[in-house]
Asker: 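Sharing a structure below in structure tokens format, with a few things to ask.
Note that these values count all heavy atoms, side chains included, but never hydrogens, waters or copies made by symmetry. Numbering of ligands and ligand atoms starts at 1, following listing order.
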Amino acid sequence: MWLLVICLVAFPLLYEWSITFKYFCKMAFYNGWILTLAILAIPICAVRGRNVENMKVLRFMLLHIKYLYGIKIEVRGWENFNIKEPYVVVSNHQSSLDLLGMMEILPGRCVPIAKRELMYAGTAGLACWLAGVIFINRKKTDDAISVMSEAAETMLKEDVRVWVFPEGTRNHSGSLLPFKRGAFHLAVQAQVPVIPVVMSSYKDFYSKKDRKFATGKCTVRILPGVPTLGLSPDDVPDLTDRVRGLMLDAFSQMSTERPGKEPGGIH
Ligand SMILES: CCCCCCCCCCCCCCC(=O)SCCNC(=O)CCNC(=O)[C@H](O)C(C)(C)COP(=O)(O)OP(=O)(O)OC[C@H]1O[C@@H](n2cnc3c(N)ncnc32)[C@H](O)[C@@H]1OP(=O)(O)O
Ligand SMILES: CCCCCCCC/C=C\CCCCCCCC(=O)OC[C@@H](O)COP(=O)(O)O
């Protein structure tokens with residue numbers, strides 16, 4: 001009798017513990033592996049110095065990680081990236097796993113805007129710097145704005161695309177946070193389109209709160225570009241709301257799809 005009670009209590013506990021243990025091991029390996037890959041990437045990138053072309057090296061080195069973790073990534077809307085000129089990509093930000101979806105579709109000569117703290121993340125920070133990642137100090141709005149204004153000039157002068165997470169921080173809430181306006185000011189200053197990218201919720205296979213990290217599937221949707229030609233800074237709030245609305249619709253639609261089920265009309 002006592003043995004049965006102990007088993008009934010112990011097995012669920014052990015099961016819970018093994019899920020949590022697996023989560024921490026997988027996250028530790030994820031970060032550790034990226035830091036290790038960066039050691040390999042640094043000398044290759046250093047040959048060119050700080051250069052956006054180095055982003056191709058990082059992308060190539062990171063692409064296999066989805067296989068290690070059994071994460072299937074399905075991409076829809078590739079045709080919306082068929083624009084030769086620079087543009088600003090905006091995407092939702094759930095977790096550091098977004099790196100996988102980002103690297104899956106990262107266009108040529110495209111650099112992300114990242115928080116300054118990432119520059120100090122050891123080898124990964126140096127690799128990011130060499131690949132031209134634009135670092136902003138989120139605690140100093142004026143500094144961040146002037147870095148982004150410089151980025152607008154660089155985009156046009158050097159034919160560079162920029163990737164921004166307009167939520168400004170990771171968000172596991174299952175929706176989208178209000179958007180910061182920096183990405184949209186950037187697009188209006190450079191008069192280039194905004195291309196929204198939506199990554200489906202990870203809730204079926206990943207949750208930081210529940211310490212869950214299993215295998216699973218993520219859909220990445222590239223939405224049609226939103227033009228900004230002729231818009232002025234006064235139009236930024238409306239542009240921000242419009243793009244967030246489009247992304248929220250896509251995110252909600254993707255969240256209600258059953259994994260593996262293809263809805264009609266989306267390529
Ligand atoms: C081998 C392997 C190696 C390793 C490889 C690893 C690769 C990793 C790469 C991936 C990196 C991913 C990193 C992701 C992140 O770090 S996300 C966090 C950082 N990103 C952001 O924060 C971007 C979004 N933030 C913004 O756009 C903000 O607006 C910001 C510019 C930062 C300012 O924020 P904040 O201080 O909170 O102020 P507000 O947003 O409230 O803005 C204040 C007013 O200023 C106006 N504004 C904003 N930007 C501009 C601008 N560019 N020009 C003019 N005015 C601007 C804004 O509209 C506000 O005014 P109003 O309220 O509208 O009047
Ligand atoms: C010697 C120092 C060693 C430090 C080790 C740091 C470990 C970091 C290791 C690897 C870096 C992996 C790169 C992942 C890139 C994803 C970046 C990311 O997701 O940043 C979060 C940022 O968007 C928002 O930050 P907050 O949600 O506001 O917080």
Side-chain angles (χ1 to χ4, degrees), residues 27-46 52 54-65 88-103 106 110-153 155 162-173 176-190 194 197 199 202 208 228 232-241 243-244:
M27 284 317 289
F29 181 77
Y30 182 74
N31 288 329
W33 188 230
I34 290 173
L35 290 170
T36 308
L37 289 170
I39 297 174
L40 299 176
I42 287 166
I44 302 171
C45 295
V52 295
N54 283 331
M55 202 38 115
K56 284 201 182 94
V57 178
L58 303 197
R59 177 171 186 253
F60 178 76
M61 288 202 158
L62 295 168
L63 272 174
H64 68 283
I65 297 181
V88 175
V89 178
V90 291
S91 80
N92 56 323
H93 197 12
Q94 302 179 67
S95 130
S96 58
L97 292 186
D98 296 342
L99 200 53
L100 306 184
M102 180 189 207
M103 292 301 159
L106 193 78
C110 183
V111 287
I113 287 190
K115 60 177 181 180
R116 206 170 64 126
E117 292 83 338
L118 191 61
M119 194 163 70
Y120 305 108
T123 53
L126 181 54
C128 285
W129 183 84
L130 284 167
V133 171
I134 300 165
F135 296 103
I136 55 166
N137 185 349
R138 294 182 295 183
K139 293 183 195 106
K140 291 194 177 159
T141 303
D142 288 347
D143 283 4
I145 290 177
S146 68
V147 169
M148 289 180 87
S149 297
E150 263 176 50
E153 283 176 30
M155 285 179 83
V162 176
W163 185 303
V164 187
F165 293 97
E167 290 169 282
T169 189
R170 286 166 288 185
N171 163 40
H172 330 274
S173 75
L176 302 181
L177 295 176
F179 280 5
K180 307 260 181 196
R181 292 183 179 151
F184 306 93
H185 277 290
L186 176 64
V188 167
Q189 275 167 28
V194 175
V197 165
M199 300 189 207
Y202 302 156
K208 186 177 181 181
T228 67
S232 73
D234 289 344
D235 299 310
V236 166
D238 175 60
L239 174 69
T240 309
D241 292 348
V243 172
R244 184 173 180 276

Asker: Please state whether S149 comes within less than 4.0 angstrom of ligand 1, counting heavy atoms only.
Answerer: no
Asker: Of all the non-hydrogen atoms in the protein, which one sits nearest to atom 45 (O) of ligand 1, and at what distance?
Answerer: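 Ranked first by proximity to atom 45 (O) of ligand 1 is I145 CD1, 3.3 Å.
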Asker: Return the residue, atom name and 0.1 Å-rounded distance of the protein heavy atom closest to atom 16 (C) of ligand 2.
Answerer: S96 CB, 3.9 Å
Asker: Which one of F165, F184, F60, F179 has a non-hydrogen atom at the shortest distance from atom 23 (C) of ligand 1?
Answerer: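 Answer by nearest heavy atom: F165.
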Asker: Suppose I only count heavy atoms of I34 and a 4.0 Å limit; which atoms of ligand 1 are within that range?
Answerer: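 Taking each heavy atom of I34 in turn, ligand 1 has 4 (C) under 4.0 Å.
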Asker: Show the atoms of ligand 1 that are less than 4.0 angstrom away from any heavy atom in Q189.
Answerer: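 With Q189 as reference, the close atoms of ligand 1 come out as 53 (N).
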Asker: Just to be sure I read this right, does ligand 1 sit under 4.0 Å from the backbone of P112, its side chain, both, or neither, counting only heavy atoms?
Answerer: side chain
Asker: Which of the numbered atoms in ligand 1 are below 4.0 angstrom from a heavy atom of K115?
Answerer: 15 (C), 16 (O), 19 (C)
Asker: Does any N/O atom on L118 come nearer than 3.5 Å to any N/O atom on ligand 1?
Answerer: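 Looking only at distances, the answer is no, because the N/O contact criterion of under 3.5 Å is not met.
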Asker: Once you restrict to heavy atoms under 4.0 Å, what part of L99 touches ligand 1? Side chain, backbone, both or neither.
Answerer: side chain
Asker: Using a 4.0 Å heavy-atom cut-off, say whether R138 meets ligand 2 through its side chain, its backbone, both or neither.
Answerer: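 R138 to ligand 2: side-chain contact only, backbone stays beyond 4.0 Å.
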Asker: How are the rings of W33 and H64 set relative to one another: parallel (under 30°), tilted (30 to 60°) or perpendicular (over 60°)?
Answerer: perpendicular
Asker: Give the numbers and elements of all ligand 1 atoms closer than 4.0 Å to a heavy atom of A38.
Answerer: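 Those of ligand 1 that fall under 4.0 Å from A38 are 1 (C).
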Asker: Please write down residue, atom name and distance for the protein heavy atom closest to atom 25 (O) of ligand 2.
Answerer: K115 NZ, 3.0 Å
Asker: Evaluate T169 for polar contact with ligand 1, using N/O atom pairs at a separation under 3.5 Å.
Answerer: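 No, since none of the N or O atoms of T169 sits under 3.5 Å from an N or O of ligand 1.
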Asker: Atom 3 (C) of ligand 1: which protein heavy atom is closest, and how many Å away?
Answerer: A127 CB, 3.9 Å
Asker: How does D98 reach ligand 1, by side chain, by backbone, by both or by neither, if only non-hydrogen atoms under 4.0 Å count?
Answerer: neither
Asker: Any idea which protein heavy atom is nearest atom 26 (P) of ligand 2, and the distance to it?
Answerer: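 Answer for atom 26 (P) of ligand 2: T169 OG1, 3.3 Å.
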Asker: What protein heavy atom is closest to atom 23 (O) of ligand 2, reported as residue, atom name and distance in Å?
Answerer: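 Protein heavy atom at minimum distance: H93 NE2, 2.5 Å.
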Asker: Does only the side chain of D98 get under 4.0 Å from ligand 2, or the backbone, or both, or neither? Count heavy atoms.
Answerer: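 For D98, there is no contact with ligand 2 at all, from either part.
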Asker: What residue and atom, counting heavy atoms only, is the protein's closest point to atom 40 (O) of ligand 1, and at what distance?
Answerer: K180 CD, 3.4 Å
Asker: Answer yes or no: does an N/O atom from S95 fall short of 3.5 Å to an N/O atom of ligand 2?
Answerer: no
Asker: Can you report which non-hydrogen protein atom sits closest to atom 7 (C) of ligand 1, along with the distance?
Answerer: C128 SG, 3.6 Å
Asker: To the nearest 0.1 Å, how far is atom 35 (P) of ligand 1 from its closest protein heavy atom, and which atom is that?
Answerer: T141 OG1, 3.8 Å
Asker: In the protein, which heavy atom is nearest to atom 7 (C) of ligand 2, and how far is it?
Answerer: L35 CD1, 4.2 Å
Asker: Which one holds for V236 and ligand 1: side chain close, backbone close, both close, or neither close, with close meaning a heavy atom under 4.0 Å?
Answerer: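 For V236, no heavy atom sits under 4.0 Å from ligand 1.
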Asker: Could you say whether the N/O atoms of N31 and ligand 2 ever approach to under 3.5 Å?
Answerer: no
Asker: Which protein non-hydrogen atom lies closest to atom 14 (C) of ligand 2, naming both residue and atom, and how far is it?
Answerer: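 Going atom by atom, the protein heavy atom closest to atom 14 (C) of ligand 2 ends up being L99 CD2, 4.0 Å.
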Asker: I need the atoms of ligand 1 closer than 4.0 Å to a non-hydrogen atom of L62, numbered in the order shown.
Answerer: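 The list of qualifying atoms is 2 (C), 5 (C).
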Asker: Using a 4.0 Å heavy-atom cut-off, say whether H185 meets ligand 1 through its side chain, its backbone, both or neither.
Answerer: side chain
Asker: Using a strict cut-off of 4.0 Å, indicate which atoms of ligand 1 neighbour a heavy atom of A183.
Answerer: 27 (O)
Asker: Which residue and non-hydrogen atom of the protein lie closest to atom 18 (C) of ligand 1, and at what distance in Å?
Answerer: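 Residue, atom and distance for the closest contact: G168 O, 3.4 Å.
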Asker: Got the closest protein heavy atom to atom 21 (C) of ligand 2, with its distance?
Answerer: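 Heavy-atom neighbour on the protein nearest atom 21 (C) of ligand 2: R170 NE, 3.5 Å.
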Asker: Please identify which atoms of ligand 1 are closer than 4.0 Å to at least one heavy atom of A114.
Answerer: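 It comes down to these atoms of ligand 1: 11 (C), 13 (C), 15 (C), 16 (O).
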Asker: Which bit of H93 gets closer than 4.0 Å to ligand 1, counting heavy atoms only: side chain, backbone, both or neither?
Answerer: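 Side chain only.
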Asker: How far is atom 1 (C) of ligand 2 from its nearest protein heavy atom, and which residue and atom name does that atom have?
Answerer: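 Sorting protein heavy atoms by distance from atom 1 (C) of ligand 2 puts G122 CA, 4.0 Å first.
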Asker: Among all protein heavy atoms, pick the one closest to atom 63 (O) of ligand 1 and tell me residue, atom and distance.
Answerer: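 Here the nearest protein heavy atom works out to R181 NH1, 2.6 Å.
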Asker: Looking only at heavy atoms, which two atoms of L58 and A41 are closest? And how far apart?
Answerer: CD2-CB, 3.8 Å
